[in-house]
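Working notes, structure below.
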Amino acid sequence: MTFTVRRAGPYDGDVLGAIHAAAWEAAYAPFFDPGFAADGIASRRTRWHARLAQQDSTILLAEADGRPVAMSVYRPSSTRPGLAEILSFYSHPEGWGTGVAAVLMTETLGHLRGAGFARAHLWTLRDTPQSRRFYTKAGFTESGAVRAHDFGDGRPLTQVEYERRSVGA
């Protein structure tokens with residue numbers, strides 16, 4: 001399998017939405033009531049055109065054999081001056097176990113390094129062991145920070161912060 005990573009372009013909104021919705025459905029939907037989860041999946045399919053138009057972050061798209069299957073979004077952290085924040089990192093479930101996420105993380109860290117960042121952080125749900133294992137394998141460690149995040153249903157879920165002290169190789 002051949003992997004490539006590129007910056008998402010203005011016409012990639014549908015592709016980003018498909019990846020985000022499928023990954024969110026598999027990993028996050030079980031935490032919510034079915035109706036709320038269905039609305040969340042639908043909104044993730046359609047929000048990326050506006051996000052691309054904002055141009056307030058860098059969005060990378062990974063392809064496996066020419067098929068888009070994973071995405072990352074980063075920008076300077078709004079809460080940790082001098083650090084980059086990885087805001088989104090999703091792989092379509094069809095890409096799980098293929099190595100595409102590791103390739104995308106390596107490329108994301110390279111982009112961060114090229115943009116002058118030495119360190120990065122991200123937040124993930126406490127109760128998603130698969131993502132937590134992935135971030136640990138990618139060189140991130142728990143910072144000890146925890147926060148509640150309400151996805152809009154009035155039932156906040158616990159997130160944990162991960163930090164990578166060096167985005168170098």
Side-chain angles (χ1 to χ4, degrees), residues 3-10 12-13 15-17 19-21 23-24 27-28 31-32 40 43-44 46-63 68-92 95 99-169:
F3 302 121
T4 56
V5 178
R6 63 177 174 83
R7 282 185 82 135
D12 286 321
V15 168
L16 294 167
I19 293 167
H20 191 191
W24 197 87
Y28 286 25
F31 294 106
F32 303 104
S43 80
R44 280 158 180 79
T46 59
R47 67 173 63 168
W48 287 95
H49 293 284
R51 187 75 184 270
L52 285 164
Q54 286 175 341
Q55 297 184 354
D56 65 347
S57 53
T58 299
I59 303 173
L60 300 178
L61 189 57
E63 298 175 341
V69 293
M71 58 182 275
S72 69
V73 181
Y74 69 86
R75 68 177 175 210
S77 176
S78 61
T79 59
R80 309 263 318 264
L83 272 70
E85 182 171 2
I86 298 175
L87 301 167
S88 296
F89 196 95
Y90 291 103
S91 176
H92 193 288
V100 70
V103 169
L104 178 59
M105 181 58 79
T106 298
E107 288 290 321
T108 300
L109 295 172
H111 278 255
L112 293 174
R113 197 170 40 256
F117 291 102
R119 296 166 51 195
H121 75 115
L122 58 86
W123 293 90
T124 193
L125 285 182
R126 177 191 63 203
D127 297 326
T128 53
Q130 183 175 348
S131 64
R132 294 180 70 181
R133 281 191 304 272
F134 172 77
Y135 295 130
T136 298
K137 280 177 132 180
F140 287 80
T141 57
E142 287 187 55
S143 71
V146 177
R147 70 181 182 187
H149 181 75
D150 186 345
F151 285 84
D153 67 346
R155 296 180 14 200
L157 299 175
T158 302
Q159 291 183 317
V160 293
E161 182 186 44
Y162 278 75
E163 181 177 343
R164 183 162 165 150
R165 298 193 188 281
S166 171
V167 297

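Small disclaimer: the values here were computed from a predicted structure and weren't measured.
Between L104 and F89, some side-chain heavy-atom pair lies under the 4.5 Å cut-off. Counting heavy atoms from C-beta on, the side chains of L16 and V73 never come closer than 4.5 Å. Contact of the S77 side chain with the H121 side chain is registered, since non-hydrogen atoms from C-beta on lie closer than 4.5 Å. Y135 is not listed as a side-chain neighbour of I86, based on a closest heavy-atom distance of 4.5 Å or more. In this structure the side chain of V100 reaches within 4.5 angstrom of the side chain of S91, judged on heavy atoms. Side-chain contact between R126 and R132 is present, with at least one heavy-atom pair separated by less than 4.5 Å.
Aromatic rings of H149 and W123 (six-membered ring for Trp) have centroids beyond the 6.0 Å cut-off, not under it. Between F117 and Y74, the gap from one ring centroid to the other reaches at least 6.0 Å.
Under the side-chain hydrogen bond (donor to acceptor under 3.5 Å, both in side chains) rule, D12 has a single partner from R7, H49, R6, which is R6.
Pairs engaging residues 75-88 under the salt bridge (Lys or Arg N to Asp or Glu O under 4.0 Å) rule: D56-R75, R80-E161, R80-E163 [sequence neighbours left out].
In terms of the side-chain contact (heavy atoms from CB on, under 4.5 Å) criterion, residue partners of D127 (sequence neighbours excluded) are, by chain and number, F31.
Expressed to the nearest 0.5 Å, how far CG of L60 lies from CE of M71 amounts to 10.0 Å.
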